[in-house]
Amino acid sequence: ADALRLRLLGEAYLAVGAPDKAVDALARAFERQPTNSAIGRLYADALLAMGDSRKALTLLGDAAAANPTDAELINEWLTAEARLGDRGRALIERRRRLRQAPDDLSNMRGLATLLLELSPDPTTILDDQLRPRFSVGQWEAMQVANREDAIKRARDANVAEAKLMLEAIR
């Protein structure tokens, strides 16, 4: 069977609540067309319905990398990554996306939401190059009061940045 038929079969299985069969059909479709973002999204949805979030996140990340101009796919991946995976990675990728596509309003909304929800930690307090500002060793060697101050400053900066972003997209 060709990829389109397998995709349609997978969609039908998802619609009737048979994600296990959908995963089988969509996996075969994806093997035939691994850069087809529509198939990748459906396959990830089926994997999520089966509770396999790690495989779904990997699939979405790979599909986003293969389709760097598909804003919808990239935002779906980063939303799922923030919800189910590595929030620090989602933050870095959303910031990177903002630099590459400053007019992507979905990304701006997603980044603002992440900034408001995120509790800053050593993996999410970033420098201008989007690298962690503190190494694990530096963080652990810091006095508790200095760590708390760094977290508060990062949280305040995140909230201020999120508010500016949300005002800009209204």
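Everything numeric here is computed off the predicted structure, so don't read it as measured data.
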Test of understanding: clusters of I, L, V, M, F, W, Y form through side-chain heavy atoms closer than 4.5 Å, transitively. Do [X] and [Y] belong to the same one?
X	Y	value
Val23	Ile39	yes
Leu78	Leu73	yes
Ile151	Phe134	yes
Leu14	Leu47	yes
Leu26	Tyr13	no

Sidechain N-carboxylate O distance under 4.0 Å for [X], [Y]:
X	Y	result
Asp149	Arg153	yes
Glu93	Arg96	yes
Lys152	Asp156	yes

Can you name the nearest heavy-atom pair linking [X] to [Y], along with the distance?
X	Y	value
Tyr43	Ala27	OH-CB, 3.5 Å
Pro102	Arg99	CD-O, 4.0 Å
Ala56	Ala44	CB-O, 3.7 Å
Pro68	Ile74	O-CD1, 3.4 Å
Ala150	Trp139	CB-CZ3, 4.1 Å
Thr124	Gly88	CG2-CA, 3.7 Å

Within the 4.5 Å heavy-atom criterion, are [X] and [Y] side-chain neighbours or not?
X	Y	value
Leu48	Leu84	yes
Asp20	Met50	yes
Thr79	Arg94	yes
Leu59	Lys55	no
Leu60	Glu76	yes
Arg89	Leu57	no
Arg7	Glu11	yes

Would you compute the distance between atom [atom1] of [X] and atom [atom2] of [Y] and round it to the nearest 0.5 angstrom?
X	Y	atom1	atom2	answer
Asp70	Arg41	CG	CZ	5.0 Å
Arg155	Ile125	CZ	CD1	9.5 Å
Arg87	Ser119	CZ	OG	8.0 Å
Arg28	Arg5	CZ	CZ	12.5 Å

Discussion item. Before you tell me yes or no, could you show the steps for Leu6 and Glu31 under side chain to side chain contact (heavy atoms under 4.5 Å, CB included), namely the whole-Å CA-CA distance, both residues' side-chain angles and the distance that decides it to 0.1 Å?
Written reply: CA-CA 11 Å; Leu6 288 166; Glu31 286 172 8; over 6 Å; no
Discussion item. Working note: Asp86 + Thr123, criterion side chain to side chain contact (heavy atoms under 4.5 Å, CB included); need CA distance, chi angles, decisive distance, verdict.
Written reply: CA-CA 10 Å; Asp86 182 346; Thr123 65; 5.7 Å; no
Worksheet item: How does the hydrophobic cluster around Leu114 look, that is, which other residues are in it when side-chain heavy atoms under 4.5 Å mark a link?
Response: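 Once heavy-atom contacts under 4.5 Å are chained together, Leu114 belongs with Leu91, Ile92, Leu98, Leu105, Met108, Leu111, Leu115, Leu116, Leu118, Leu126, Leu130, Val159, Met165, Leu166, Ile169.
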Practice prompt. Run the numbers on Ser37 and Asn67 for side-chain hydrogen bond (donor to acceptor under 3.5 Å, both in side chains), then give the verdict.
Written response: CA-CA 7 Å; Ser37 62; Asn67 297 281; 4.8 Å; no
